[in-house]
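Below is one structure, written out as structure tokens; comments come after it.
Note that the coordinates shown come from a computational prediction; the quantities given were computed from them, not determined experimentally. Letters A, B, ... mirror the listed sequences (proteins, then strands); counts begin at 1.
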Number of protein chains: 2
Amino acid sequence: MTDFNPNASLPAPSIPGDALPPVEQHAQQYATVRNAHETELIEDYVELIGDLLAHRGEARAADIANRMAVSQATVSKMIRRLNELELVTSKPYRSLFLTEAGQKMAETSRARHDIVLHFLRALGVRDATARIDAEGMEHHVSDETLAIMQRFTEQQQKS
Amino acid sequence: MTDFNPNASLPAPSIPGDALPPVEQHAQQYATVRNAHETELIEDYVELIGDLLAHRGEARAADIANRMAVSQATVSKMIRRLNELELVTSKPYRSLFLTEAGQKMAETSRARHDIVLHFLRALGVRDATARIDAEGMEHHVSDETLAIMQRFTEQQQKS
DNA sequence: CAAACAGTTTAGCCTTGGCTAACAATATTG
DNA sequence: CAATATTGTTAGCCAAGGCTAAACTGTTTG
């Protein structure tokens, strides 16, 4: 460590208490995030398919492509994966449907999503912003935090 | 739409107000998330490098690999990208340093991260959980929400 | 000061999740 | 009912972000 350090001055360790977490814990944080990323897209698809079925009665690849702002080819490929994972059933040129497992996942995702969305609104975030943030955040909120968010929202509504 | 619909009954549209958002808005949500994903890892690296420099005086590939729970090869490849993006400077086999742009990004990320972390703690989330959640959430929280979180945390501390 | 160890880089592989272009099937409509 | 429009699929491309194995550099130490 005899290197000249051009960053030596800033950013200064703002708060002494904010030292680096121990390596194992730090590693755990990143690993958890990476893990979430793997399932996140799958969940988004399943959740959207569930919503389309609930609100429209059918879920077509074209709708998904439009709503996700993604090409139909991408959706088609993804549907194959969802099939392999046994989350959806699909006949070519027909609406998609969710398997048992798919429905369970859709409900869980939807519930998560709603809790986060309602929480953000209860906090005072504008609706459009809340929707965007919720979409990104939902996969990274632990059950513990989720429970707290729900409680907060309920309390807010009472007053 | 003459298909038999095995999912017709559930999940029922729980709240009438929770209809699907208009296509453009919906698409915007997903696009924003996809966009965040592209920069997210970069920001994590830069933020971590900044932290290592601040707390340890140097940032070596091996430390990053350990803290991110990722192979050194992966870090090495990533550092090449960060170099191309002119966020870090590196001489082979020497500690990394941040460029101007890198420092700015590190500070912004750090600030974001801290706001989310302190907010979660103020909400009542346990420290270990808050750290994990913050790591995942930080890239998906809009400036608007961030401001609200900060205000909330301050209020909480006053009482 | 040579050998061993630690740290770094490179090469080459894999999967994911995008894309476009070309083709195939279904639906709509003149 | 044929032509056209819409929708879905396939093939083949790309970049990102992982990995292991092997080669190389630098440091430490017997």
Is there a donor in the side chain of [X] and an acceptor in the side chain of [Y], or the other way round, less than 3.5 Å apart?
X        : Y        : value
A:Gln103 : A:Thr99  : no
B:Asp44  : B:His139 : yes
A:Thr153 : A:Gln157 : no

Proximity of A:His37 and A:His140 rings by center, below 6.0 Å: yes
When the distance from [atom1] of [X] to [atom2] of [N] is rounded to whole Å, what number comes out?
X       : N      : atom1 : atom2 : answer
B:Asn35 : C:dG18 : CG    : C1'   : 13 Å
B:Lys77 : C:dG7  : NZ    : C1'   : 19 Å
A:Glu43 : C:dT16 : CD    : P     : 16 Å

Within the structure, does a side-chain N or O atom of B:Arg81 lie under 4.0 Å from either OP1 or OP2 of D:dG17? yes
Can you list, by residue number, the residues of residues 22-32 of chain B that have a non-hydrogen atom closer than 4.0 angstrom to DNA chain C? none
Students often get this wrong, so: under 4.0 angstrom with heavy atoms, is A:Ala61 touching a base, only sugar-phosphate, or nothing? sugar-phosphate
Over all strands shown, is B:Leu41 touching base, sugar-phosphate only, or nothing at heavy-atom distances under 4.0 angstrom? sugar-phosphate
Members sharing A:Leu123's hydrophobic cluster, built from side-chain contacts under 4.5 Å between Ile, Leu, Val, Met, Phe, Trp and Tyr, are A:Ile115, A:Val116, A:Phe119, A:Leu120, A:Val125, A:Met137, A:Val141, A:Leu146, A:Ile148, A:Met149, A:Phe152, B:Ile115, B:Val116, B:Phe119, B:Leu120, B:Leu123, B:Val125, B:Met137, B:Val141, B:Leu146, B:Ile148, B:Met149, B:Phe152
5' precedence on DNA chain C between A:Thr74 and A:Pro92 (nearest-nucleotide basis): A:Thr74
Scan residues 62-71 of chain B against DNA chain D and write down, sorted by residue number, each residue with any heavy atom closer than 4.0 Å; if none is found, say none. B:Val70, B:Ser71
